Amino acid sequence: AKRRPLRCFTTPNALTNKRVFPPPTRFLSSSQSHAPDHHKSAHKRPHPPGTAVVTDDEIAKLASKPQHSLSLADLVKHGRPPLSTEALYSSANFTLSLLPIRLAKRIQALRNLPFIVVSNPNINKIYNNYLHSLSTLLPWQHRTISNLDAEIRFTSVLAELVATHDQTIPILAKGFLECRRYISPPEVTKFLDTHLRTRIGTRLIAEQHIALHYSSAPHFDPSASPTPCPEHPTYIGVIDTALSPAAIVDSCAGFVADICELKYGVRPHWTIDGEPETTFAFVPMHLEYIATELLKNAFRATIENRQTREPIVITIAPEPPDAGPPRVTLDPPAEDKGAFKSDAIKPLDDNAPGVTIRIRDRGGGIAPEVLPNIWSYSFTTFNEEDDFPSDGSSQDALGIISSASGGGSSIAGLGYGLPLSRAYAEYFGGGIALQSLYGWGTDVYLRLKGVGKIQ
Ligand code: ADP
Ligand code: MG
C-alpha cells in the first residue's frame, strides 16, 4: 500500500483535513495560561466556565469594520529569511488585527440566518464555536505583542482556534440537511459560499502565523528541540515555494485508494503523466484538499461504473510564466458569471507560473439531468444503501453521520466536494472545470495559479 509521506507539520491529514500541529504548549511552562496578563481584570462580571464572553456591542462594532482584503504579500512578508523575533511579533500583531473582525462578521452572518436554522443544534454549535473563538481573541486586542512569552501564548490561542473549527464542514452540512424544510437550497448555497470562502482565508491567516512560529522558534528557543519537523527550506509558513503537484496528487491518490479498498474492496489504479517534475509556489494543504475531493469522485465513479481495470489518468501541465494565454480556459458555469468571489486573495504577481492538472476517469460521466446540480452545496448522487453495500460494520465508520461527529472519512456523501474545491482553487485565482462524456467518463481540469515569486 502506498503511504502518505510525512512531510511538514503543517500538512493536513487529508483523511479528516485536520492539521497536525504539535501542541504549542510544548513551549510553555505549565503555570502559564493562554490569556494575556491583563485578562483576569478585563471582565467585570464572572461568567460560568465555558461561556463565551462577548457582548453584542463588541460584535457589532467589530463587524462594522471593513474586512482587510488579504494579499499574498501580507502573508509572506513576515516569513522571509532571516527569521527574527521582530518579524514574528509583527506577524502576530498583523494576525491579531485581522481575525476578530473576520470572526465577528461570520457571527453576524450566522445570526442573520432564520432563527429556526440557528437554533438547530449543529448550526448552533458552529455559532458557539465562533463566539468562543472571538472571546479568546478579545482580551488580546488593544495591545501589542512584543515579547516571546506573549507570542507563545498568542500562538496557543491561534492553534486552539484552528482546532475548534476543524469539523465545521461536516457539522454545517448535517445542520443544513436537518433544516432543509426551513431554508431554500439557493439561500444555503449563498450563505455557505461566503462562509466557507471566508473560512479559507481566516484559517490561512492563523495557520500562517502558527507555521512561522514553529519554523522560527528553534532559532531562538533552544528548549524547542527536537524540532517538530526537519526544517523545510522551500517553505514560507504554509506556502511551499517549490511544491510538486505530482507528489501531492500521488499521495492523495494513495490515500483515496485506501478508502476504496476499505469500502469497496477494490483499489483503482492511477497514472501520472504530462510533466510531473513541475514545481510551483502554492499552499500544499489547499492542493491536498482539492486533489483528495476530485480523486474521490473519479475513483468512486470508476468503481461504480465497473471500470477499475482502466487507470485514472492525471496529467500535470505547467503554465509557464507570462507566456500568452493559459493552456486551458475555465469558463465559470452560467449561473456563476459575474458572481462576487468573496475573500479571494491578491496575488504577488499576476504572471506567476502555475499548473493545470487534468484528472481523467472512465467512470461513465455525469447524466445530463444531474450536471446542472453538481456545483451546489449538498447535492450528491451518493447513497449509502446503493448497489455497493458495505458490510454493516463499515457503514457507520464511513458514513456521513460518523464524519459529522469527527469519525472516519467517506468517499462521498456531503455533496461539498466540488463546490468547496472550486472555492479553494479560486482563492488564489485558479478554477475548476468539468467535462462529462456521458456513458464514458469525466475530465476535470484544475487550474492553479502559483502564488508568485517569493524572495
Ligand atoms: P459528493 O461526492 O459528496 O457526492 P461532490 O460535490 O464531490 O459531492 O460531487 C457531486 C456529484 O457530482 C456526485 O455525487 C456525482 O454525482 C457527480 N460527480 C462528480 N465528479 C464525478 C465524476 N468524476 N464522475 C461521475 N460523477 C461525478
Ligand atoms: Mg465528492
Side-chain angles (χ1 to χ4, degrees), residues 1-2 4 14-15 245-276 287-317 327-328 330-331 333 355-376 379-383 386-388 390 398 409-422 424-425 430-448:
K2 282 180 186 268
R4 295 170 60 75
L15 188 73
I248 293 211
V249 170
D250 192 52
S251 93
C252 294
F255 165 70
V256 175
D258 289 345
I259 305 182
C260 291
E261 215 166 356
L262 251 167
K263 177 162 179 59
Y264 301 113
V266 196
R267 195 178 176 86
H269 307 284
W270 67 96
T271 61
I272 298 182
D273 65 15
E275 296 181 36
L287 177 56
E288 285 181 4
Y289 179 83
I290 302 168
T292 303
E293 290 304 320
L294 298 181
L295 289 165
K296 280 180 183 177
N297 290 347
F299 279 40
R300 174 195 154 207
T302 304
I303 293 171
E304 291 189 349
N305 199 35
R306 299 190 160 80
Q307 291 291 336
T308 46
R309 282 165 189 272
E310 300 289 335
I312 284 122
V313 182
I314 302 155
T315 305
I316 312 273
R327 291 189 183 179
V328 50
L330 306 179
D331 256 351
V355 69
T356 296
I357 303 171
R358 183 184 62 196
I359 301 176
R360 169 166 285 179
D361 68 58
R362 287 282 308 274
I366 301 174
E369 68 274 17
V370 167
L371 210 48
N373 303 315
I374 58 172
W375 299 102
S376 302
F379 174 84
T380 182
T381 55
F382 187 75
N383 181 350
D386 263 359
D387 44 346
F388 282 91
S390 46
L398 293 163
S409 181
S410 47
I411 189 78
L414 291 183
Y416 280 44
L418 285 178
L420 194 52
S421 294
R422 191 167 69 178
Y424 272 103
I432 299 184
L434 182 150
Q435 296 253 309
S436 151
L437 181 53
Y438 190 42
W440 186 264
T442 304
D443 281 355
V444 179
Y445 292 88
L446 165 65
R447 184 165 171 238
L448 298 175

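Values below: all heavy atoms of this structure, side chains included; hydrogens, waters and symmetry mates excluded. In this text the structure is predicted, and so the values were computed from the model without any measurement.
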What distance separates [X] [atom1] from [Y] [atom2], expressed to the nearest 0.5 Å?
X: Ile432; Y: Tyr445; atom1: CD1; atom2: OH; result: 14.0 Å
X: Thr442; Y: Leu437; atom1: OG1; atom2: CG; result: 8.5 Å
X: Phe299; Y: Thr308; atom1: CZ; atom2: OG1; result: 11.0 Å
X: Arg360; Y: Trp440; atom1: CZ; atom2: CH2; result: 10.0 Å
X: Glu288; Y: Tyr424; atom1: CD; atom2: OH; result: 11.0 Å
X: Thr315; Y: Asp273; atom1: OG1; atom2: CG; result: 3.5 Å

Applying side-chain contact (heavy atoms from CB on, under 4.5 Å), run through Asp258 and Arg267 and close with a yes or a no. CA-CA 7 Å; Asp258 289 345; Arg267 195 178 176 86; 2.8 Å; yes
Taking every non-hydrogen atom, the tightest pair across [X] and [Y]:
X: Asp361; Y: Gly363; result: OD1-N, 2.8 Å
X: Val355; Y: Pro245; result: CG2-CG, 4.1 Å
X: Ile411; Y: Cys260; result: CD1-SG, 3.8 Å
X: Thr271; Y: Pro311; result: CG2-CB, 4.1 Å
X: Glu293; Y: Ser421; result: CB-OG, 3.4 Å
X: Arg362; Y: Asn305; result: O-ND2, 2.9 Å

Under the criterion side-chain contact (heavy atoms from CB on, under 4.5 Å), I'd like the reasoning laid out for Val313 against Ile359: C-alpha separation, chi angles, the key distance, then a yes or no. CA-CA 6 Å; Val313 182; Ile359 301 176; over 6 Å; no
Just one of Ile374, Ile366, Val370, Asp443 clears the side-chain contact (heavy atoms from CB on, under 4.5 Å) bar with Ser436, so which one?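 It is Ile366, the one option of Ile374, Ile366, Val370, Asp443 that forms the side-chain contact (heavy atoms from CB on, under 4.5 Å) with Ser436.
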If we check side-chain contact (heavy atoms from CB on, under 4.5 Å) with Val444, which of these qualifies: Leu295, Asn297, Leu434?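 That would be Leu434.
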With Asn373, which residues qualify under side-chain hydrogen bond (donor to acceptor under 3.5 Å, both in side chains), at least two apart?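 None.
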Between Thr302 and Trp270, is the side-chain contact (heavy atoms from CB on, under 4.5 Å) condition met? List the steps. CA-CA 11 Å; Thr302 304; Trp270 67 96; over 6 Å; no
Test side-chain contact (heavy atoms from CB on, under 4.5 Å) applied to Leu294 and Ile357, step by step: CA-CA 11 Å; Leu294 298 181; Ile357 303 171; over 6 Å; no
Can you tell if the side chain of Thr292 reaches within under 4.5 Å of the side chain of Cys252, non-hydrogen atoms only?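 Counting from C-beta outward, Thr292 and Cys252 do come under 4.5 Å.
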Answer with yes or no whether the side chains of Thr381 and Arg300 bring together a donor and an acceptor at under 3.5 Å.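 The criterion, which ignores hydrogens and geometry beyond distance, is satisfied for Thr381 and Arg300.
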